[in-house]
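Each chain gets a letter, A, B and so on, in the order the sequences are listed, and its residues count up from 1.
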There are 2 protein chains.
Amino acid sequence: MTAAAMKFTHVDCGDCPIRHRAVCARCDGDELDRLNEVKYYRSFQAGQTVVWSGDQMDFVASVVSGIATLTQTMEDGRRQMVGLLLPSDFVGRPGRDTAAYDVVATTDLVMCCFRKKPFEELIRTMPNVSQRLLEMTLDELDAAREWMLLLGRKTAREKIASLIAIIARRDASLKLHENNENVVVDLPLTREAMSEYLGLTLETVSRQISALRKDGIIQIQGKRHITIPAFDRLLEEAADDSDGGYLV
Amino acid sequence: MTAAAMKFTHVDCGDCPIRHRAVCARCDGDELDRLNEVKYYRSFQAGQTVVWSGDQMDFVASVVSGIATLTQTMEDGRRQMVGLLLPSDFVGRPGRDTAAYDVVATTDLVMCCFRKKPFEELIRTMPNVSQRLLEMTLDELDAAREWMLLLGRKTAREKIASLIAIIARRDASLKLHENNENVVVDLPLTREAMSEYLGLTLETVSRQISALRKDGIIQIQGKRHITIPAFDRLLEEAADDSDGGYLV
DNA sequence: CGAGCTTTTGAACAAACTCAATTTCTGTGG
DNA sequence: CCACAGAAATTGAGTTTGTTCAAAAGCTCG
């Protein structure tokens, strides 16, 4: 177990880093106490599979730290990522006991888990949980639909630009740099993972990243660090709405 | 207003055709009475736009009869359908007052509407509604993710076969013909609408439908009627899981 | 019957893929 | 500390799939 994983073995809900964004966001003190009693932490190393599609899944969980992916696989091996799970995101579906997707830890990962049965009971009895879960699910549905537009209609270059913009924006909502200039992003995905997300081959991903670099839209340090000298120019390349999706 | 539209101007919830599948599915008699008081019907003709993306949307609704589509449009006019709304499906998002997508009636359409504010109150006070809505939203999220796989990884031929299979299956769940042979489907979409759904051009849609016909996978009567002589062969062409997705 | 659709079909073209060879990075052991 | 092995990423050349542009054929409804 890594140091990062150790850290979250016994955290009180009140001190939890995802307290205000996760499924428990609206709970009051008493409700948190109830959650505290039944929750437990699980840690995974980068690359580890959390569950395989089709397997029994008797828990639901929130991502506390790290990144995980949801992926669908076809019989002949073609793969499509259908979700990117960042801290505070929720995994698992109440009312279903088999995983519908592969869940893979992309980085070291800590999850805050609940056994499914007790969680379903919580949903019935704690409206603050079920309503927050509804809200999060609606957000995810919006994100999935935005991704459908990307997959169905965007060019390879636009796809790459969109992915970088999305990750930068999610980063930003944590770090709160409102800046347009020299935004720095840490890409947590391999080229292959990006290709699985974007519906491309990894070669095309690599070529388009190189092209964006040559055109001065992005700068690359080392393997996974990206600087965006002018964020609005990246958004133009992404062909997103003029507002840059900040409304969503 | 068409005859079909007239029919649903004053229906009691107890007699509603989508009673057992819609957002009200779990409500008891008293709860239905409450809904009855505040609901109202709206009808649209085939081709009419229900709401434009970005417009004020002060109601939510269930599709009672007919078909509607949810579509996203990019600034340069590229369009991607992100949802196909069949009877019992829900439109609108509690907690948001601007439409995120164009909603268009593909056939004559009747919707059962609630003004947004009262509906948000219903959600707070009637767990049977909010929990059913959560369940339906989770189903939609699964459907969106299945669509992401189609958009990102399937070939044009597989996309067409998948679309026909999905419509046939949805039809089947109403008509309950368990049969594998000579399934008859009524395609409610133009080639253009199909292309917007599948992330293709309408020419490619037309070509692939012709190809499937030449290969004996489907037969076409008139413009929009399709017979599927062997449903399992269609599923093979769709490259879906062997179970044909009946689990989802 | 003919105007205005939708749909089909054809031919040339472009974007992304496949296969293959390098190059760059990372971490490990000498 | 350097060299080297293995993984990740880049680059190139040729091919495939689906698009674009254009024209013709079918339907539908005044």
What salt bridge (charged side-chain N to carboxylate O under 4.0 Å, His left out) pairs are there with at least one residue in residues 57-70 of chain B, not counting sequence neighbours?
->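 Residue pairs with at least one partner in residues 57-70 of chain B: there are none.
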Quick check for you: to the nearest 0.5 Å, what is the distance between [X] atom [atom1] and [Y] atom [atom2]?
X	Y	atom1	atom2	value
A/Arg145	A/Leu141	CZ	CG	4.0 Å
B/Thr49	B/Asp55	OG1	CG	10.0 Å
B/Leu202	B/Arg207	CG	CZ	9.5 Å
B/Leu163	B/Leu150	CG	CG	8.0 Å
A/Ser65	A/Leu86	OG	CG	11.5 Å
A/Thr106	A/Ile67	OG1	CD1	6.5 Å

Degree of bending in the helix from C/dC1-D/dG30 to C/dG30-D/dC1 once both end axes are built from five pairs, to 10° |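 The end-segment axes of the helix from C/dC1-D/dG30 to C/dG30-D/dC1 are tilted 30° relative to each other.
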Could you check whether B/Ser210 gets within reach of a base, just the sugar-phosphate, or nothing at all, counting any heavy atom under 4.0 Å?
->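 Here B/Ser210 touches the backbone only, sparing every base.
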Residue pair B/Thr73 / B/Arg78, side-chain heavy-atom distance below 4.5 Å |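 Not in contact.
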Is there side-chain contact between B/Ile167 and B/Met194, with heavy atoms separated by less than 4.5 Å?
->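 No - every pair of side-chain heavy atoms lies 4.5 Å or more apart.
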Walk along DNA chain D from 5' to 3' and tell me the first and last nucleotide with an atom closer than 4.0 Å to a non-hydrogen atom of chain B.
->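 Here the contact window of chain B covers D/dG18 to D/dC21.
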Atom pairs, N/O to N/O, protein against nucleotides 21-28 of chain C, distance under 3.5 Å?
none

With sequence neighbours excluded, what pairs up with B/Gln208 under the side-chain contact (heavy atoms from CB on, under 4.5 Å) test?
->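 Result, side-chain contact (heavy atoms from CB on, under 4.5 Å) vs B/Gln208: B/Ala156, B/Arg157, B/Ile160, B/Thr204, B/Ala211.
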Heavy atoms of other groups near A/Glu192 CD, more than 12 under 6.0 Å =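 No, the 6.0 Å shell around CD holds no more than 12 heavy atoms from other groups.
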Strictly below 4.0 Å, heavy-atom distances to any atom of DNA chain C: list the hits from residues 189-205 of chain B, or just say none.
->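 Nucleic-acid contacts, sorted: B/Thr190, B/Arg191, B/Leu202, B/Glu203.
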Please say which of A/Asp102, A/Val104, A/Val50, A/Leu85 ends up in a side chain to side chain contact (heavy atoms under 4.5 Å, CB included) with A/Thr69.
->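 Only one of A/Asp102, A/Val104, A/Val50, A/Leu85 forms a side chain to side chain contact (heavy atoms under 4.5 Å, CB included) with A/Thr69, namely A/Val104.
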Separation of C/dA16 C1' from B/Arg153 CZ (nearest whole Å) =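 About 12 Å, once rounded to whole Å.
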Under 4.0 Å between a Lys/Arg side-chain N and an Asp/Glu carboxylate O for A/Asp139 and B/Arg93?
->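 Answer for the salt bridge query: yes.
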